[in-house]
Amino acid sequence: MADFWIIGPIAWDLALYVDHIPPSGHFVQASESVERPGGTGANVAVALSRAGGRVHMVGYIGDDAAGRNMTTTLTEAGVNVDHVQLLPGHTSSVVLLIEPDGERTIIGIHPDLLHTITIPVNEVSPGDIVYFAAWHAPFTAPAQTMAAAGALVTSVPPGTTPAMRYLIGSRNDFTTIPEDATAIVTEGAGGVTVHSSGQRTHYPAIPTTAVDVTGAGDAFAAGFLWELAQGGPLAEGVKLGLSWAATTVQTKASMPRTTS
């Protein structure tokens, strides 16, 4: 099987469970609070590694307790962290406000430095799967180089370079639907719509009771990429992604739960 290269945020989350999101100037009491590992890149990497994949994480941490916690989380999950770079300052951290229906509001705390990392383009082999779990303009040249070398390159929107085979993101992430890539648009409980070659195909979500939707999109991306690595068709990748997402939203965690 191909190796996976996941490029994206590694973060430490503070989850606050509230009964509503207060309007400006108002107060809300959290019924529960918990610190836990997260970050869209780390979430996808851990999900794929737990499923049995060879996964390389490319991102950064700061020299702090959160960074050490995230390194432990990744290595214990079997993720290769050789390309997790140590940068001065803080590890990325977010506050999650999670409502009773599982929906969450995300508040970033520290500046995002992901655009400053070095991407190890020369270590990616033909046939490997590369996923940009976040996109910055400096990633364009590395993405094109890896695609030209025979890697399958995917990304969240906009990720719009000729290198991209698939773009995976929520409806809010897409400002336009690209014509030169397959756009896989996640719609939460509404399922997933795939736009490819002028055609539109909708896949319904798997009915479930959500308690925390954090990581659902990452679980979907991981499931989709896992099926691609097995040589499966796009439709089966979407279905597996929906299955992993449905499993994930049933638990209070940032990192996905998967089945394979």
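Nothing here was measured: the structure is a model prediction, and the numbers come from that model. Computed from heavy atoms alone, side chains included, the values below leave out hydrogens, waters and symmetry copies.
Among all heavy-atom pairs drawn from Thr248 and Ala216, the shortest one is CG2-N, 4.1 Å. Looking at every heavy atom in both residues, Asp19 comes nearest to Pro100 through O-CD, 3.6 Å. The two residues Ala222 and Ala47 have their closest heavy-atom pair at CB-CB, 3.7 Å. Between Pro162 and Gln144, the closest heavy-atom pair is CD-NE2, 3.5 Å. Nearest heavy-atom pair across Leu225 and Phe4 is O-CE2, 3.7 Å.
At a threshold of 4.5 Å between non-hydrogen side-chain atoms, the residues Arg36 and Met255 do not count as touching. Side-chain contact between Tyr131 and Ile7: absent, with no pair of heavy atoms (C-beta onward) separated by less than 4.5 Å. Contact of the Pro88 side chain with the Asp63 side chain is not registered, since no non-hydrogen atoms from C-beta on lie closer than 4.5 Å. Contact check for Asp212 versus Glu99: no side-chain heavy atoms found under the 4.5 Å cut-off. Two residues are said to be in side-chain contact when any heavy atoms from C-beta on lie closer than 4.5 Å; Val84 and Ile61 meet this criterion. Counting only heavy atoms from C-beta outward, the side chains of Asp112 and Pro9 never approach each other to under 4.5 Å.
Remark: the Asn172 side chain and the Ser170 side chain contain no N/O donor-acceptor pair separated by less than 3.5 Å. Between Thr40 and Asp218, the side chains place no donor N or O within less than 3.5 Å of an acceptor N or O (distance only, hydrogens not considered). Counting only N and O atoms by type, the side chains of Asp128 and His56 include no donor and acceptor under 3.5 Å apart. A donor-acceptor contact closer than 3.5 angstrom links the side chains of Tyr60 and Ser92.
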Side-chain donor/acceptor pairs under 3.5 Å, residues 192-201, sequence neighbours excluded:
{"residue": "Thr193", "atom": "OG1", "partner": "Glu187", "partner atom": "OE2", "Å": "3.0"}
{"residue": "Thr193", "atom": "OG1", "partner": "His202", "partner atom": "ND1", "Å": "3.0"}
{"residue": "Ser196", "atom": "OG", "partner": "Thr182", "partner atom": "OG1", "Å": "3.2"}

Show the atom names and distances, to 0.1 Å, of all donor-acceptor pairs under 3.5 Å that link a side chain in residues 151-159 to residues at least two apart or in another chain.
{"residue": "Thr154", "atom": "OG1", "partner": "Val130", "partner atom": "O", "Å": "3.0"}

Contacts under 3.5 angstrom, residues 113-120 side chains, donor-acceptor by atom type, not counting sequence neighbours:
{"residue": "Thr116", "atom": "OG1", "partner": "Leu113", "partner atom": "O", "Å": "2.7"}

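Met164 and Leu234 end up in the same hydrophobic cluster when Ile, Leu, Val, Met, Phe, Trp and Tyr side chains are linked at under 4.5 Å. Residues Val94 and Val213 are members of separate hydrophobic clusters, defined by side-chain heavy-atom contacts under 4.5 angstrom among Ile, Leu, Val, Met, Phe, Trp and Tyr. Val249 and Ile106 fall into different hydrophobic clusters, where Ile, Leu, Val, Met, Phe, Trp and Tyr are joined by side-chain heavy atoms under 4.5 Å apart, directly or via other members. Hydrophobic cluster membership is shared by Val55 and Val121, with clusters built from Ile, Leu, Val, Met, Phe, Trp and Tyr side chains linked at under 4.5 angstrom.
With sequence neighbours left out, the side chain to side chain donor-acceptor pair (under 3.5 Å) criterion links Thr208 to Gln250. Every residue was checked against the ring-ring contact (aromatic ring centres under 6.0 Å, His included) condition with Trp12, not counting sequence neighbours, and none meets it. Remark: Tyr17 engages no residue in a ring-ring contact (aromatic ring centres under 6.0 Å, His included) (not counting sequence neighbours). Phe132 is linked by a ring-ring contact (aromatic ring centres under 6.0 Å, His included) to Trp135, Phe139, counting only residues two or more places apart in sequence or in another chain. Not a single salt bridge (charged side-chain N to carboxylate O under 4.0 Å, His left out) links Asp173 to another residue, sequence neighbours left out.
Counting only distance, with no hydrogens or angles, the side chain of Thr176 and the backbone of Pro178 share no donor-acceptor pair below 3.5 Å. Looking at Thr251, its side chain never comes within 3.5 Å of a backbone N or O of Thr247 through a donor-acceptor pair.
The distance from the CH2 atom of Trp226 to the CD1 atom of Ile129 is 10.0 Å, given to the nearest 0.5 Å. For the atom pair Thr71 OG1 and Ile10 CD1, the distance stands at 7.0 Å (nearest 0.5 Å).
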(request) Dump the intermediate steps for salt bridge (Lys or Arg N to Asp or Glu O under 4.0 Å) on Glu32 and Lys252, then the final yes or no. (result) CA-CA 11 Å; Glu32 181 182 352; Lys252 292 182 175 180; 2.8 Å; yes
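Applying the ring pair (Phe, Tyr, Trp, His ring centres under 6.0 Å) test to every pair with at least one member in residues 169-193, sequence neighbours left out, gives no pairs at all. Sorted by first and then second residue, the ring pair (Phe, Tyr, Trp, His ring centres under 6.0 Å) pairs involving residues 74-105 (not counting sequence neighbours) are Trp5-His83, His90-His110. Residue pairs that meet the salt bridge (Lys or Arg N to Asp or Glu O under 4.0 Å) test with at least one member in residues 52-61, sequence neighbours left out, are Asp3-Arg54.
Through direct or indirect side-chain contacts shorter than 4.5 Å among Ile, Leu, Val, Met, Phe, Trp and Tyr, Ile21 is connected to Leu14, Leu16, Val18, Val28, Val95, Leu97, Ile107, Ile109.
For Arg165, the CZ atom counts as loosely surrounded, since its 6.0 Å shell holds 12 or fewer non-hydrogen atoms of other residues, nucleotides or ligands. Counting heavy atoms of neighbouring residues, nucleotides and ligands inside a 6.0 Å radius, atom CG of Asp101 exceeds 12 of them.
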